[in-house]
2 protein chains.
Amino acid sequence: MTNGKPPTPLTQSRRSDATRTAILTAARERFATDGYERATIRAIAKDASIDPSMVMRYFGNKEGVFAAAVSIDLKLPDLAALPRHAVGEALVTHFLAMWEENDVLTALLRVGVTNQAGAERMQGVFRDQLLPVARHVCPDPEQIPARAALVAMQLLGLAVTRYVLRFPPAVALSRREVVAWLAPTVQRYLTAPNP
Amino acid sequence: MTNGKPPTPLTQSRRSDATRTAILTAARERFATDGYERATIRAIAKDASIDPSMVMRYFGNKEGVFAAAVSIDLKLPDLAALPRHAVGEALVTHFLAMWEENDVLTALLRVGVTNQAGAERMQGVFRDQLLPVARHVCPDPEQIPARAALVAMQLLGLAVTRYVLRFPPAVALSRREVVAWLAPTVQRYLTAPNP
DNA sequence: TGTGTAGGCCAACAAGTGTTGACGTATTCC
DNA sequence: GGAATACGTCAACACTTGTTGGCCTACACA
């Protein structure tokens, strides 16, 4: 976590913090709607009502902006605390909520698809956040990665069709319908004894 | 299908056809690996051992190259000819095969995620190719779009995690395993009476 | 043989990119 | 007070992008 901050007293928030967060907010939005390549430093700076050079000064380079702007915490619930048959529904519901209230997920998905660094970061999210959760639910420990991957397939497919490509019928589904259809699938991928 | 061909006798293939297809092949590969923005005309031209200006002359502009290079035919099998309980497995098997032998699908997915025109083209593929197939299998006609969308979610999720983001456990799954896990899901989305 | 034309290359344009450094201004600390 | 430093702007850099027009070569047809 080395950012470009010069060593200043951290006792009180600095004046530039407002600018910083303005940049990050603008960056998140741009990355989400435009993807990595088309989200330009100039556009981000303009959205934040700031000079492009400030963006560079604060975050070093474009990759730095992206790294600082897009940090994902899925805040996955503790599935171990749930009755086993309810984990599918809990996961789908949670994902749906996260995706609808949050630009960052779309941003990361868009960038992950076009950019190698973005793809690696998504792999990190999968490894550090989804895998551990699956660990608490899967029957056979050896099958954990495969089962987590299956869950990822279903949930990312949902995100791609509904929030990125916006297939009309995928958008038209209510959240309740999505949960009703997908929860049993996720449940099966996680806990069913066999394919 | 209006391409930039000047009106020449079509009795025999023109000398330039080789160049044409070389450009299209190179373009497909570049769009697949780099996405729309980073696939430059110059790179495509270099791969085709041709001058960049030729690409423009043949296809007008970059969008023209993309339109000419990426035309998707999923070649979906006629599900109506199959026993009803076998459509899930047939679809998943077919998709898997298509995706592994074909650059174009990855290209379109990559572009669809970052580019508006690409997204619309994917919607077209969904509408013109997947929806009609679902029409022959779904019980309730009114549910056809939703069910086709659910199938798209599952299949595109597979493609994203396995071929684009390359999550290691998703790549590690054998084709047989993928079919074994996903076929029942697709089957359910298409033919189950209710969520 | 000459001439028209299709196929191809070269050089350049205008616009936009990430990035940098010099230069002001306000705030903070002594 | 003055001086150091954080904050910010401006202008420009080096480079890449899509795109264009002029020029050269080889082939077809008269």
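Only this structure's heavy atoms are used, side chains among them; waters, hydrogens and symmetry mates stay out. Letters go in sequence order (proteins before strands), and every chain restarts at 1.
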Just to verify, what does Phe167(B) make a ring-ring contact (aromatic ring centres under 6.0 Å, His included) with, not counting sequence neighbours?
Phe126(A)
Checking Arg166(A) now: which residues fulfil salt bridge (charged side-chain N to carboxylate O under 4.0 Å, His left out) with it, not counting sequence neighbours?
none
For Asp51(A) and dC10(D), what is the distance between atoms CG and P respectively, to the nearest whole Å?
7 Å
Spacing between Asp34(A) atom CG and dG16(C) atom C1', to the nearest angstrom:
15 Å
Nearest-angstrom distance from the residue atom CZ of Arg20(B) to P of dG8(C)
10 Å
Send over the distance from Ile50(B) CD1 to dC9(C) C1', rounded to a whole Å.
9 Å
Atom CE of Met54(B) to atom C1' of dC23(D): distance rounded to whole Å?
14 Å
Check: protein-nucleotides 15-19 of chain D nitrogen or oxygen pairs below 3.5 Å:
| unit_1 | atom_1 | unit_2 | atom_2 | d |
| --- | --- | --- | --- | --- |
| dG18(D) | OP1 | Ile41(B) | N | 3.4 |
| dG18(D) | OP1 | Lys62(B) | NZ | 3.1 |
| dG18(D) | OP2 | Ile41(B) | N | 3.1 |
| dG18(D) | N7 | Arg42(B) | NH1 | 2.7 |
| dG18(D) | O6 | Arg42(B) | NH2 | 2.9 |
| dT19(D) | OP2 | Lys62(B) | N | 2.8 |

Interatomic distance where CD1 belongs to Ile44(A) and C1' belongs to dT17(C) [whole Å]:
13 Å
Taking atom types as modelled and ignoring hydrogens, do the side chains of Thr40(A) and Arg30(A) form a donor-acceptor contact shorter than 3.5 angstrom?
no
Partner set under salt bridge (charged side-chain N to carboxylate O under 4.0 Å, His left out) for Asp103(A), not counting sequence neighbours
none
Sorted by chain and number, sequence neighbours left out, salt bridge (charged side-chain N to carboxylate O under 4.0 Å, His left out) with Arg175(A) holds for Glu100(A)
Atom pair distance, as rounded to whole Å: CZ in Arg57(A) and P in dG18(C):
18 Å
Within residues 30-49 of chain B or reaching into it, pairs that qualify as ring pair (Phe, Tyr, Trp, His ring centres under 6.0 Å) - sequence neighbours excluded:
Phe31(B)-Tyr36(B), Phe31(B)-Phe66(B), Tyr36(B)-Phe66(B)
